[in-house]
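First comes the structure, then the notes that go with it.
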Amino acid sequence: MSSEPLIKGGLAGGHGGAGGPGGPGAPPGPVATADSLLTARPASLWRDTLASILRQRSADVGLFILSFLVVVGLLAGPSVTTTSKGLEDSWPAYGTDPGGIHLAPFDPTLPLLGEAGQEGLARFAPPCIHALGCPAAQPEHIFGVDGNFRDLFSRVVYGTRVSVPSGFIAIGIAILIGTMIGAVAGYIGGWLDNLLMRIMDVLLAFPSFLLAIIITVALGRTLNNALLAVGIVGIPVYARIVRASVLSIRENEFVTASRALGESSLGILVRRVMPNSLTPLIVQGTLGIGGAVLEIAGLAFIGVTGDISVPEWGSMISLVRGQLFNSPHVVLLPGFAITLTVLGFNLLGDGLRDALDPRLNR
Amino acid sequence: MTLFTARSSRFATLVAAMAIVVGACSSPASNTPSSPAESGGAGTPAPSTSSYAAEAYPADADAPCDDATKNSSEFKRIKAVDEFTVEFDLCAPDVAFLSKIAFASNAIQDSDWLKAHMADKSILRNENGTGPYTLKSWDAGNRMDMTAFAGYWGNQARTPNLEFQWSDQAVSRTQALVAGTVDGIDNPGAEDIKTIQGHEDLKFNQREGLSTLYVGMNVLKAPWTDENVRKAIAMSIDRQSLVDHFYPPGSSAADYFTPCAIPFGCVGDKWYDYDPAAAKALLTQAGFPNGFTTTLSFRAAVRGYLPDPPAIATAIAADLKKNLGITATLDLQESGAFLSNAANGSIDGLYLLGWGADFPDVTNFLDYHFGSGSGAKFGKPFDDIVAALKTGGSSASDADRTAAYTTANNAIKAHVPMALVAHGGSGDAFKADVVGSYASPIGSELFYVMSAGTRDTLVWMQNAEPLSLYCGDESDGETLRACEQMFESLYTYEIGGTKAIPALATDCAPNADLTVWTCHLRQGVKFHQSGTLDANDVVDSLALQWDTKNPLHVGNTGDFEYFPGLFGGNLNPPPAS
C-alpha cells in the first residue's frame, strides 16, 4: 500500500508533467525523504495545473475580475431574456420587490419617467449618490440614467449577463467546430487535410469583423446569430492549433502502442491524441474570449444584433454615442464594463499560457 | 429629343413640317395660345424654331379620366405647345397645382440626358440640372461638393462652393458647428439649442413644426386588420409625454394628421385622447387581453418629426408594454430599405415614420398618405377617405374644402390606419457671419442665397447622406435638399416661405375651371452638362414619372412615390394587390 503514492508521485515528476507531452510540469523536487514522501498528497493533473495557474499573478487578477463579473451577472436580478417572442422580462411592476438577491435596483428595460419616487428625473441625468452629497430630493441612481430614463447601473449590471456568456458561447462554437476540423485534418491527413485547411485559409483571408457582419446580416440580425458569426470566424484559429498538435502527437510512442493494441482510429483520436492537445487550445480559447466579447460588442454597436432594448453594452454605447461630451457617463460606464471584461479574460489567458506552456516554465 | 414611339415621331415630324411652313410665312399666329387664360397669361414670346418638334404625352390621344385601371392620376395629357410653352390638361381641377409642380421631385431634366442615363441608372450619381450649383464630386459616405454654375440663368451663388456633409448624431453636428468645421447644421438636438442660442458666434433659426410623426400599420395584416386593435394602439401612446421629454421647443402632440398651421388641416374631430384603460378594453374586446408580440421598425435617420429615433421608439414600445401588454421588439432598419419596406406595405409589425411638409397645402399631407395614389403604406387606401380628398383637392371654395377635409379627417380617425404621435418643431443653425441664412418651413433651404462670410465654401451638415441625384424617385428630405441645389422645377418656393413662385417657367396660368394649366418657359436656360431647356424636356421629365410603362420609368427603386402621391395616381397604374 505504501508504494503506490510513491509510484504515482514519481511518474508525475518523471514525465515533467502529468498528462504527457505538453502537459503542466511539476518539476521534480529535491530527493525526498521517506517520511515526507509518505505524508505527501498524491499528485493530480488538475490540482497541479490549478496550483501552477494560481502562481501566476496575472491569472489571479484575471480570475478575480471574471469571478466578480460572474457573481454580478448571477445576482443581477430576475430574468430578462430575448426569445423568439421578443424581450421577456420577469421583473414585477415598478415598486414591487422582486424578491431574492438583486444587485440591480430597477428593471433594466423600464423607463422610470413618471414612476413614483422618480419625480424630477432628467434625461441623461448624471450619477446621484445620496451618501456622497447628492440632494435627497433627487432620485438616487448611482450610474445616472440613460436617454430613456432607465437606470444605467441596472442596465450595466444586466449587460454582464449578456456579454460574459456571449464570449464563452462564441468561442465554444469556434473551439468545438475548429477542434473537429483540426483533429480530422491532422489525424487523417492527405487530400482531406488539404481541403479542410484551404477552406480555413479562405476564412482567414477575410477581415474577421467584416465577415462576422456579413454572416450576421445574412442569417438575420439577432444576438444569437451574432454569436454564431463570431464563432464561425474564429474556427480557423482553433482548427490550425489542433491540427498542429495532432500532427505532433500522433507520432508519439504511446499512440503507436495504442494502435498496436488494436485501438480504433476514433478511439486513439478521442482518448489518446485529443487530451494531449488541450493545453494550447485552452490558452488560445481564454485569450479568444476577450476578443469575442469585444467583437460582439462591436456588432451590437453597429446595430446588427437585433433588439436595442436588450441591455447589451455595445448597443448601450451606440445609442448614446453622441452624448460623449454632454453626458459622458452614459458612454463611459458601459465602455468601462467592456474593458474590464476583456481585461479579465486577457489576464487569465496570459496566466494560463504562462502556467501551461512548458517552454515558458521558469 | 423625343423619347417615344414611332407614331409619336411621325406626329412630331408633321408638327415640325407645319412649323417650317408657318415660320416661312412669318406668321405669329402659330404661337398664339388658344384659350382665354393662355392669351391672358404673362407669357414669354415663343418664337418658332424650324427644327423643333413639339411632343405630347400620350402622343396621340388624351389619357382616360374615367377608367382608374388605365389612368388613376389627375393628368389627362402633357403637351408641348411650342418650344417654350407647355400645357397640362387635367381630369379635374387642382387648386394646389402650382405648389405641387414646384416640388423637387418634379425637377426638369434634359430629354437626351434622361434617355442616355436613366436606363443604366447612371443618373443616380451624375447630374445635369439647371440650378445655381453643379456637382463637383461626391465622395460616397463622406461628402458631396458642388460649385457655382457659371451659366445659371438667375443670380449667381453668393458663395462659390457648397459642401454637404452629414451625421445622424445631433450632438456631432452641433460640435462640428461649435468647432467651426462647418458653417451650418440641420436639426440641432433639443439639448443643444440652448448652447447655440447662448453662443455669440452662432445663430439658431426656428423651423415651424410642419411635420408629423405616426406609428404606421398595414391594415391588411393581422392583428392590424382589427380596427379595435388599431384604436387601442392610438389610445395607448402618451403623446404629450413624448413631446415634453424628447422634442425641441415648437413641437406639439398631434391632434390631426396635418399640422394646424396648414389651412384646412385641423378641421373635424380631434384625435383620440391618451386613455390606457379604454385602450386595454378595446384590445381585450379584440381578443388580446394579455397583448401580443410584434415589432416596431424604424430607421436611425434624424428628422424634424423624429429627433431621437431610438429613444422615441423605445418610449413608444414602453407605452405599449405598460398599457397593453404588447411586446414590441425594436427593429432598426437601414434607411433606404426601411422607406421602401414601409412604402410597399411589407412591414408586418408597427413602424415609425413621419412626414415633413413639402408645400403648405393639406393635400401634401393627406393625399400622399391616404389618397388614391397612396399605395400600400397602410395596406390600402380607404374609399371614403379617397372620395373626400378628391372632393377637397378639386374644389376652389373654402366652404367645400372645409367640409371635404372634415369628412376626411373624421374618416381617418375612424379607420385608424396609423396612430398619430407629434408635430416636430425643428430648426437649423449657422455661424453668425453667414449672411442670408434661414430655416425653410418645409426644409428646403437654398444655399445660393447665403454668403459664408469671407470663405469661398459654405459647408452644410445635415442628418444623412443623399440617396441619389435623381429625385423623381426619392422621398427622403435629405436627398431632396441636395437635389434642390442643382435642379429646378417649373416653379419653386419663395426663400424662407412656402408660396410657389416662378422658376423655370415665367408663369403658369389656369383656364377658368382650373383643368388646363399653361406654362411659359424661361428662354436660354442651360443645363449644367449639355442641352438647353425646352418644352419637350418638361413633357419627358414628368411623363416618365406619370406612366409606369414608360421605358424610362426606372429611377432608383422604381417606386416613384411622389408622383402618385401628388397627382393622385399613374398612367397605367400597377394592379391593386
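Lettering follows sequence order; numbering is per chain, from 1. Bear in mind that the values here come from a model prediction, so they are computed numbers and not experimental data.
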task = Among residues two or more places apart or on two chains, list those pairs meeting disulfide (SG to SG under 2.5 Å) that have a residue in residues 297-330 of chain A.
result = none
request  = Quick one: pull up CZ in A/Arg321 and CD in B/Gln169 and give me the separation to the nearest 0.5 Å.
outcome  = 4.0 Å
query = Using a cut-off of under 4.5 Å for heavy-atom pairs, which of B/Thr314, B/Thr293, B/Leu296 has the most such pairs with chain A?
reply = B/Thr314
note = Heavy-atom closest pair (A/Gly147 atom, B/Ala311 atom, distance to 0.1 Å) is O-CB, 4.2 Å
query = Considering only heavy atoms, which portion of A/Phe124 lies under 4.5 Å from any heavy atom of chain B: side chain, backbone, both, or neither?
reply = side chain
remark   = Contact list (residues 299-318 of chain A to chain B, heavy-atom gap under 4.5 Å, by number) returns A/Gly306, A/Asp307, A/Ile308, A/Ser309
query = So does A/Ile101 have more than 12 non-hydrogen atoms from other groups sitting under 6.0 Å from CD1?
reply = no
note = Ranked by heavy-atom pairs below 4.5 Å to chain A, first place among B/Gln333, B/Lys321, B/Lys322 goes to B/Gln333
task = Take B/Asp308 and A/Arg123 through the side chain to side chain contact (heavy atoms under 4.5 Å, CB included) test and state the conclusion after the steps.
result = CA-CA 12 Å; B/Asp308 189 342; A/Arg123 281 188 90 193; 2.5 Å; yes
query = Using non-hydrogen atoms only, which part of B/Asp192 is less than 4.5 Å away from chain A: side chain, backbone, both, or neither?
reply = side chain
task = Calculate, to the nearest 0.5 Å, the distance between atoms NE2 and CG belonging to B/His245 and A/Asn148 respectively.
result = 11.5 Å
inquiry  = For B/Lys194, I'd like to know if atom NZ has over 12 heavy atoms of other residues, nucleotides or ligands within 6.0 Å.
reply    = no
Heavy-atom closest contact (B/Asp331 atom, A/Arg221 atom, distance) = OD1-NH2, 3.2 Å
